[in-house]
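Step one of this worksheet: look at the structure below.
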Number of protein chains: 2
Amino acid sequence: MTGLNERKQKILRAVVTDYIQTAEPVGSRTLSRHYQLALSAATIRNEMADLEELGFLKQPHTSAGRIPSQQGYRFYVDSLMDEAELTPQEKLYLEKFFTQLQKMREIDQIVQQVAKALSVLTRYTSLVLAPRLKQCAFAQMRLVPIDEKQALVVLITDTGYIRNKVIKMPRALSADELDSVVAYLNEELAGQTIAGLTAARMRKLRTDLYSRVDILHSLLAMLEECSSDEENRIFLGGTSNILDQPEFKDMEKVKHLLTLFEEGERLTFILETAPAGVTIRIGTENLLAEMHDCSLVTASYHLHGRPLGTIGVLGPTRMEYARVTTIIKEMTERLNTLISTL
Amino acid sequence: MTGLNERKQKILRAVVTDYIQTAEPVGSRTLSRHYQLALSAATIRNEMADLEELGFLKQPHTSAGRIPSQQGYRFYVDSLMDEAELTPQEKLYLEKFFTQLQKMREIDQIVQQVAKALSVLTRYTSLVLAPRLKQCAFAQMRLVPIDEKQALVVLITDTGYIRNKVIKMPRALSADELDSVVAYLNEELAGQTIAGLTAARMRKLRTDLYSRVDILHSLLAMLEECSSDEENRIFLGGTSNILDQPEFKDMEKVKHLLTLFEEGERLTFILETAPAGVTIRIGTENLLAEMHDCSLVTASYHLHGRPLGTIGVLGPTRMEYARVTTIIKEMTERLNTLISTL
DNA sequence: TTTAGCACTCGCCTTCCGAGAGTGCTAAAA
DNA sequence: TTTTAGCACTCTCGGAAGGCGAGTGCTAAA
């Protein structure tokens, strides 16, 4: 089915491994020297020529070594890659990190720290998506008056996520009035996802509360806003790490990537569309053109089996897939347990 | 006092102006051609030699044109620079931008948008510092219970800044108990700056509230935390813009800067130590080594005459000082009025 | 005091090897 | 039939050489 006999697979694995380490095209001599293939350079050359014809390898130019093609990486990731182990240092770092993290109570902060740690551990750029509010279920709403004109709305989801926003109050309302509106909303909306606030439901609320329609309006607008201004849900870490990669010595590419890093919505989109579980997107498998010579490893974190958000690592296609995958897996697992105790 | 006669000043201005535009060393011919100096190249050469000897210009190498030295820029900024006008496009952009901004109620969001706009307008990198909580005066504190174990503390400063944090409650407290603690704190702390919470005051609070010392402890810890975890007070915009500058074609420099951009505390420090009003720091006048071939233009924004935070623009020393200064001035002015209506 | 003229300097660009690494092919060995 | 050794060939990379051009400093004339 794969179309590659064992020897070809061994050679392909060796090429990928070597190229990931050195970033230099790999020649037949190097392979026969440094990897236990028990084959002469000439034999390897033949096999490599085959692998090239099959589309797994490519040559930057005639008479250079081979480098893996996108298809080559894909095959490597799917079939050849060994499981990596965390190094003792990495374990230690994670241990310390999550001990530190225990003190934090707010998910956004936690998630930001995770981005940082992820970039430190992987030495690539990390992208982390905080929980998307609109997919969470409404648990309760509180209203804290600040002065006559303003109030703080506190929105609590069933996932324990807390979001708040200041709203302007259209007119001075008595505490009783406010309380009744809030109580009503709490009752009506409990258990609903925020995305599920349909127009019909809204209309019902409006008619039910016609006497306080103005304050209701403010509150609903606030909900609306909460679910829309979600660009800031993304956190990056180690953006400067891309400069360490020789494939990004070209300023143009770097520029494109850095510009992309400033575009929260597009990044959010990329992470949102990632399926649950660990996923690896290589090169043009990524939807954004800027990432066409990058690879992105993502995983989603959960609470009570519900996916909350996504964490990801972005590097060159020549990424240390095994190491990154292991780190990401470990990180999501620990993050999951951390969140559930929150 | 200045030691430069009018003609030298004119020439220096011309050199700076030209170099800012072209990023190329400026020759005597160019000056006599394109600037109305009514002098021949030879004369200009003599003057330029003088200016070099005086330290205002320097040559990248013999037989190249001159470029301004740091001292040259300093003199230009202090004495030679013309006031720039906003272009109609810039005015339009600002107008639209601040109309948009009116809708926002939270200072952090506003400030983040300001960073973005500032980088778009200047085409440099912008740094914006949100209000520092600890210098604000305590206005009131609210406590919103979430469940038995957690509560949301809402802290409101006299500048209208709202900050909130979830705290773990050491034990279940009745609503009355909570209210009394909060009421007490509100009374005791009203009008105090948060930085001014001295150990002595703390002790007094402790003894006064010995019966509820545990919840008090949580609240104070939260205050403490609020004033310490202020790394996130800084917002950047247009970080990728530095790549457009020819002086940063060198990867090393870029790397250093990008790394710096990830170090919130150090950036915060830089902006915090900037004096009120518009300030220009050129090259090594900047405290951070990474910024030694950059210039930073900063200004502080205010509420009721009290400085809240700082906005800044970071570019190469070959920065368009006049344009940036004008934009920053305009931006702070508008930001000030926006905040005061908030 | 200013300007024109001129010789000189020096970085940049292009061109031009030579070295080195790696290949494909062929023919011999297993 | 498969593997290996040998060899000619290809192509990139790095350094050297040399011409070009922009700009200078100096001198002498205006």
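We name chains A, B, ... by the order of the sequence lines, and we start the count at 1 in each one.
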Taking [atom1] from [X] and [atom2] from [N], how many angstroms apart are they, rounded to a whole number?
X	N	atom1	atom2	value
B:E53	D:dG25	CD	P	10 Å
A:K8	D:dT2	NZ	P	11 Å
A:L39	D:dT2	CG	P	14 Å
B:D18	D:dG23	CG	C1'	14 Å
A:E24	C:dG20	CD	P	17 Å
B:I67	D:dG23	CD1	P	14 Å
B:L57	D:dG25	CG	P	11 Å
B:I44	D:dG23	CD1	C1'	13 Å

Among all residues two or more places apart in sequence or in another chain, which pass the salt bridge (Lys or Arg N to Asp or Glu O under 4.0 Å) test with [X]?
X	answer
A:D250	none
A:E83	A:K329
B:D293	B:K253
A:R266	A:E263, A:E290

Per atom distances to the B:A49 side chain, the nearest of D:dT24, D:dT4, D:dG25 is D:dG25
ask   = So, does B:S28 use its side chain to make a donor-acceptor pair with the main chain of B:R45 at under 3.5 Å?
value = no
Indicate every side-chain donor-acceptor pair of residues 52-63 of chain B with a distance under 3.5 Å to a residue at least two apart or in another chain.
| from | atom 1 | to | atom 2 | distance (Å) |
| --- | --- | --- | --- | --- |
| B:E52 | OE1 | B:R66 | NE | 2.6 |
| B:E52 | OE1 | B:R66 | NH2 | 3.0 |
| B:Q59 | NE2 | B:A64 | O | 3.1 |

Sequence neighbours excluded, the answer for side chain to side chain donor-acceptor pair (under 3.5 Å) partners of A:R74 is A:D78, A:E285
By side chain to side chain donor-acceptor pair (under 3.5 Å), A:T43 pairs with (sequence neighbours left out) A:S40
Exercise. Going by heavy atoms in the side chains, are B:T332 and B:I311 under 4.5 Å from each other?
Worked result: yes
N/O-N/O pairs, protein side and nucleotides 8-12 of chain D side, under 3.5 Å:
| from | atom 1 | to | atom 2 | distance (Å) |
| --- | --- | --- | --- | --- |
| D:dT10 | O2 | A:S63 | OG | 2.6 |
| D:dC11 | O4' | A:S63 | OG | 3.1 |

The bend of the helix from C:dT1-D:dA30 to C:dA30-D:dT1, taken between the axes of its five terminal pairs at each end and rounded to 10°, is 20°
Residue pair B:N46/B:G65 against DNA chain D: nearer the 5' end by closest nucleotide is B:G65
Do any side-chain atoms of residues 314-325 of chain B form donor-acceptor pairs under 3.5 angstrom with protein atoms, and if so which ones, sequence neighbours left out?
| from | atom 1 | to | atom 2 | distance (Å) |
| --- | --- | --- | --- | --- |
| B:R318 | NE | B:E247 | OE1 | 3.0 |
| B:R318 | NE | B:E247 | OE2 | 3.1 |
| B:R318 | NH1 | B:I20 | O | 2.6 |
| B:R318 | NH2 | B:Q245 | OE1 | 2.8 |
| B:R318 | NH2 | B:E247 | OE2 | 2.8 |
| B:E320 | OE1 | B:R323 | NE | 3.0 |
| B:E320 | OE2 | B:Y124 | OH | 3.4 |
| B:E320 | OE2 | B:R323 | NH2 | 3.0 |
| B:Y321 | OH | B:S295 | OG | 2.6 |
| B:Y321 | OH | B:T317 | O | 2.5 |
| B:R323 | NH1 | B:L121 | O | 3.1 |
| B:R323 | NH2 | B:T122 | O | 2.9 |
| B:T325 | OG1 | B:Y321 | O | 2.5 |

Residue pairs meeting salt bridge (charged side-chain N to carboxylate O under 4.0 Å, His left out), one or both in residues 24-34 of chain A, sequence neighbours left out, come to none
Using a cut-off of under 3.5 Å, enumerate the N/O to N/O pairs linking the protein to nucleotides 5-7 of chain D.
| from | atom 1 | to | atom 2 | distance (Å) |
| --- | --- | --- | --- | --- |
| D:dG6 | O6 | A:R45 | NH2 | 3.2 |

Quiz item: Within less than 4.0 Å of OP1 or OP2 of C:dG24, is there a side-chain N or O belonging to A:R66?
Solution: yes
